[in-house]
Number of protein chains: 2
Amino acid sequence: MIKIAIMGYGVVGSGLVELIDENREAKKCNEEIVITSILVRNKEKHKNKNHSEVLTTDIEEFFSKESDIVVEVMGEITKSLIYVKRALNLKKHVVTANKDLLAEYGEELFELANENGVALKFEASIGGGIPVIKSLIESLEGNNINSIKAILNGTTNFILTKMDKEKLSYEEALKEAQELGFAEANPEADVMGYDAARKLSLLSTLAFRKKVSWKNINIQGITEVESVDFDYADKINCKVKLLCISNNSDEGVYATVKPVLVENESVLAQINNEVNIVIFNGDSIGEIILIGKGAGKMPTGSAVYADVLDIVNKRFTKITAFKREEAKIIENLQGECSAVLRIENSKEQDIIKKCANEFTFIQVLQTQIEGETGVLVKANSEIEIDRFIDGLLANSYVKSIKKIIKID
Amino acid sequence: MIKIAIMGYGVVGSGLVELIDENREAKKCNEEIVITSILVRNKEKHKNKNHSEVLTTDIEEFFSKESDIVVEVMGEITKSLIYVKRALNLKKHVVTANKDLLAEYGEELFELANENGVALKFEASIGGGIPVIKSLIESLEGNNINSIKAILNGTTNFILTKMDKEKLSYEEALKEAQELGFAEANPEADVMGYDAARKLSLLSTLAFRKKVSWKNINIQGITEVESVDFDYADKINCKVKLLCISNNSDEGVYATVKPVLVENESVLAQINNEVNIVIFNGDSIGEIILIGKGAGKMPTGSAVYADVLDIVNKRFTKITAFKREEAKIIENLQGECSAVLRIENSKEQDIIKKCANEFTFIQVLQTQIEGETGVLVKANSEIEIDRFIDGLLANSYVKSIKKIIKID
Ligand SMILES: NC(=O)c1ccc[n+]([C@@H]2O[C@H](COP(=O)([O-])OP(=O)(O)OC[C@H]3O[C@@H](n4cnc5c(N)ncnc54)[C@H](OP(=O)(O)O)[C@@H]3O)[C@@H](O)[C@H]2O)c1
Ligand SMILES: NC(=O)c1ccc[n+]([C@@H]2O[C@H](COP(=O)([O-])OP(=O)(O)OC[C@H]3O[C@@H](n4cnc5c(N)ncnc54)[C@H](OP(=O)(O)O)[C@@H]3O)[C@@H](O)[C@H]2O)c1
């Protein structure tokens with residue numbers, strides 16, 4: 001028998017409890033999993049659910065109950081940090097779905113888990129139900145990972161999908177996401193790209209075996225994406241996606257979260273709504289792509305349950321990546337770069353001539369927008385494009401330039 | 001220190017040895033992995049490779065060397081079966097990449113492994129480098145899997161990709177695949193769909209927790225696929241793929257390997273050349289998609305190496321699915337079904353009228369082929385379409401009918 005105590009009985013907690021109960025009844029687990037305590041803020045809310053007899057709002061009572069595993073699915077950072085540390089120090093295995101906690105305190109927490117000889121598992125914290133972490137740290141362990149490309153935030157992917165397929169404005173799409181429960185009342189962490197960046201930092205740290213702090217990631221959210229960006233994308237057979245990119249090399253790590261163009265005939269372009277995708281490129285294995293629901297009660301519950309089963313079955317993998325040195329950060333994308341430039345100007349012919357002189361390839365993209373010239377350009381590097389933009393902006397007939405890069 | 005003895009030093013064996021050596025040098029594994037013996041047929045062929053001092057052609061000498069893990073990457077069945085059983089009986093953990101062996105003798109071998117308290121691991125046997133098995137039996141363990149859709153044979157996918165993109169005939173594409181080493185001199189197991197069916201049987205058995213023997217799978221290879229099938233596919237925005245499908249329900253299991261139409265805007269349609277894909281549908285997790293290289297020295301070597309590391313790190317998962325009852329097999333796809341019918345006939349107007357009367361939806365697809373009527377039809381079930389075909393064939397003005405179903 002394995003005893004489990006759970007902090008949080010919300011979306012993810014309820015999914016987990018359902019799976020524990022279902023699988024216990026179906027006798028699918030070789031050990032019986034018993035829930036000894038569930039911590040919430042408000043017992044009243046949960047009094048009609050299963051296991052209401054073990055509900056508590058008192059952390060002392062919670063820790064007074066026996067447990068082999070503590071699951072943290074309550075979210076936020078301040079209290080979670082205190083409680084998770086306490087659990088680890090009590091030599092309990094911990095399972096969490098809390099990427100915010102790990103992105104801030106991963107180093108300290110994994111160290112503490114290792115010192116206490118217990119597991120700290122977190123499959124659900126990235127990509128919901130997708131087995132991203134296990135694949136990376138167990139199946140790809142023999143590889144050196146060269147790069148990661150991913151869509152890790154369901155809310156923004158939902159908004160971009162709506163803007164594309166239903167021609168909604170950003171505001172309309174955000175509102176719909178909120179009404180459907182995909183976006184929170186305060187959507188900042190999602191739409192500004194912070195949530196995706198925290199997940200990318202965790203994945204990059206694990207994959208590259210050097211620390212990539214989320215605050216060092218170059219982040220651009222989707223708040224500036226406009227309907228017309230989708231028109232430009234259409235003209236060059238692309239879609240707009242909020243992509244997490246991180247590349248590892250001897251020189252350092254390039255890591256960014258930003259809206260980019262992906263080709264219609266790519267797998268990335270097929271990832272719609274709340275679906276997530278992670279693409280690892282390993283030196284032996286080549287490209288491995290994992291796709292699935294990035295959030296939701298049962299998908300996320302399933303990932304937490306899988307972590308619990310790993311502990312029940314004593315399948316342990318030690319995490320040491322977080323105590324490594326901070327990676328050197330490279331600012332610009334290396335290698336050839338294509339981008340759409342939206343140039344607000346009053347001398348279109350001059351602009352086009354300048355582009356044609358500068359770049360190996362250009363394609364003028366006609367739109368209905370007065371005073372805006374849209375051009376797809378290809379250069380030897382992103383820096384080259386940025387320098388060109390800076391140069392153009394020095395001219396009084398150029399008002400503003402918006403760049404969106406295209407990823408192969 | 002962990003001692004490992006390897007049977008086979010070909011494509012996969014060489015990849016594995018390279019990874020063991022590389023990772024040992026980089027000190028990335030917490031235990032040193034030492035290769036104590038390598039079994040081959042012809043020592044001369046391998047004398048300039050690393051570890052030539054432990055080569056042997058003599059199975060007695062092979063088993064006389066100490067080992068904790070025996071890796072079987074020599075292929076074929078007769079000898080592998082004897083050697084793998086011997087290793088298991090000696091209480092050695094076994095890692096194999098041999099789907100043929102497991103599709104025939106899985107029940108006996110997993111039973112033997114369980115009796116001897118050792119692991120029998122086989123990640124590389126399905127989908128090459130993709131972590132298919134681990135995801136299924138560890139990460140999705142809490143789920144009931146409802147269905148599997150997959151492209152599991154690189155050779156046939158390569159041929160179909162060439163036929164589509166370069167307008168090659170089947171024979172030309174097969175020849176190119178052989179020249180590039182993607183297809184064997186005797187390509188039967190691949191092009192007839194047997195290899196894919198063996199893999200589907202293993203996956204279905206594990207996923208549905210009932211035995212699905214490969215001989216019970218409805219198999220149709222790609223030898224009858226013609227260039228014109230791609231023209232029809234094009235007209236309805238589809239691609240032709242050799243798909244493995246298996247659906248589980250209370251009534252039984254529907255399992256098939258056959259060429260089908262998949263929509264251009266699906267992930268399946270983006271899977272080209274030697275790439276493999278597996279889509280699991282779980283009751284909690286929804287759709288999980290895994291994509292990667294299905295074969296090749298390093299991708300496959302990486303999967304074998306991951307199995308070895310699981311054993312080194314004592315991460316064990318007991319396999320019991322193969323000793324379950326044989327699943328009841330359902331012959332036809334349940335639910336709504338669309339298909340393209342290629343009807344060789346001499347009374348086109350009659351044919352079209354009959355189709356229109358029979359089906360809820362039809363679309364006539366024009367081609368250049370004289371005497372052939374192409375129609376996309378939609379029916380309430382596949383059986384309904386099959387009955388209609390049988391009825392039509394009773395008419396003397398209908399010479400032949402070819403059906404290719406479309407998958408959503
Ligand atoms: N939802 C998803 O799809 C998803 C996906 C991946 C990861 N996650 C992560 O999983 C975690 C949980 O998310 P969720 O969506 O399940 O949240 P939620 O629905 O808001 O549930 C949070 C639960 O924790 C309890 N709780 C919160 N703060 C507490 C405190 N200080 N003391 C005691 N109990 C407290 C709440 O109690 P009351 O019920 O009494 O208010 C509630 O039961 C978060 O870290 C989130 O980022 C969620
Ligand atoms: N190749 C792939 O990409 C791939 C992918 C997934 C799974 N697999 C599976 O992996 C296994 C190995 O495939 P492979 O491509 O590596 O084959 P391979 O290149 O033909 O190598 C086979 C090796 O086994 C040795 N061998 C064969 N029969 C033997 C016997 N009776 N006694 C002693 N040694 C014997 C051969 O010895 P000699 O060198 O002396 O001839 C050779 O070293 C097969 O089960 C295959 O289905 C392969």
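Just so we're clear, the structure is a prediction, and the values are computed from it rather than from any experiment. Below, read A as the first sequence line, B as the second, and so on, with proteins coming before strands; counting in each chain starts at 1.
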So which of [options] has the biggest tally of heavy-atom pairs under 4.5 Å with chain B?
options: E18(A), E22(A), R209(A); result: R209(A)
options: A303(A), A306(A), P299(A), G296(A); result: P299(A)
options: D283(A), I277(A), I130(A), I289(A); result: I289(A)

Report task. State whether a side-chain donor-acceptor pair under 3.5 Å links N143(A) with K28(B). Result ->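 The criterion, which ignores hydrogens and geometry beyond distance, is not satisfied for K28(B) and N143(A).
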Minimum heavy-atom separation for [X] and [Y], please, with both atom names.
X: Q270(B); Y: E265(A); result: OE1-O, 3.2 Å
X: S139(A); Y: K134(B); result: OG-CD, 3.5 Å
X: I285(A); Y: S302(B); result: CD1-OG, 3.5 Å
X: I288(B); Y: P131(A); result: CD1-CD, 4.1 Å
X: G142(B); Y: L309(A); result: N-CD1, 4.5 Å

Requested in this report: Count the heavy atoms of every other residue, nucleotide or ligand shown that sit under 6.0 Å from CD of E325(B), and state whether that count exceeds 12.
Outcome: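 It does not: E325(B) CD has 12 such atoms or fewer within range.
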Which region of [X], side chain (C-beta onward) or backbone (N, CA, C, O), has a non-hydrogen atom less than 4.5 Å from a non-hydrogen atom of chain A, or is it both or neither?
X: F316(B); answer: backbone
X: D307(B); answer: neither
X: K293(B); answer: both
X: T317(B); answer: both

Requested in this report: Could you grab the distance from atom NZ of K318(A) to atom CG of N313(B), nearest 0.5 Å is fine?
Outcome: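 Interatomic distance, K318(A) NZ to N313(B) CG, rounded to 0.5 Å: 10.5 Å.
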Query raised in the report: About how many Å separate NZ of K297(A) and OG of S284(B), when rounded to the nearest 0.5 Å?
Result: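 These two atoms lie 10.0 Å from each other.
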Requested in this report: Indicate yes or no: does E141(A) engage R315(B) in a salt bridge with an N to O separation below 4.0 Å.
Outcome: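 Answer for the salt bridge query: yes.
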Requested in this report: Against chain B, label L290(A) side chain, backbone, both or neither, depending on which of its atoms sit under 4.5 Å from a heavy atom there.
Outcome: both
Query raised in the report: Which region of E287(A), side chain (C-beta onward) or backbone (N, CA, C, O), has a non-hydrogen atom less than 4.5 Å from a non-hydrogen atom of chain B, or is it both or neither?
Result: backbone
Query raised in the report: Given side chains that start at C-beta, do those of I279(B) and I291(A) come closer than 4.5 Å, heavy atoms only?
Result: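 The answer is no; the side chains never approach within 4.5 Å.
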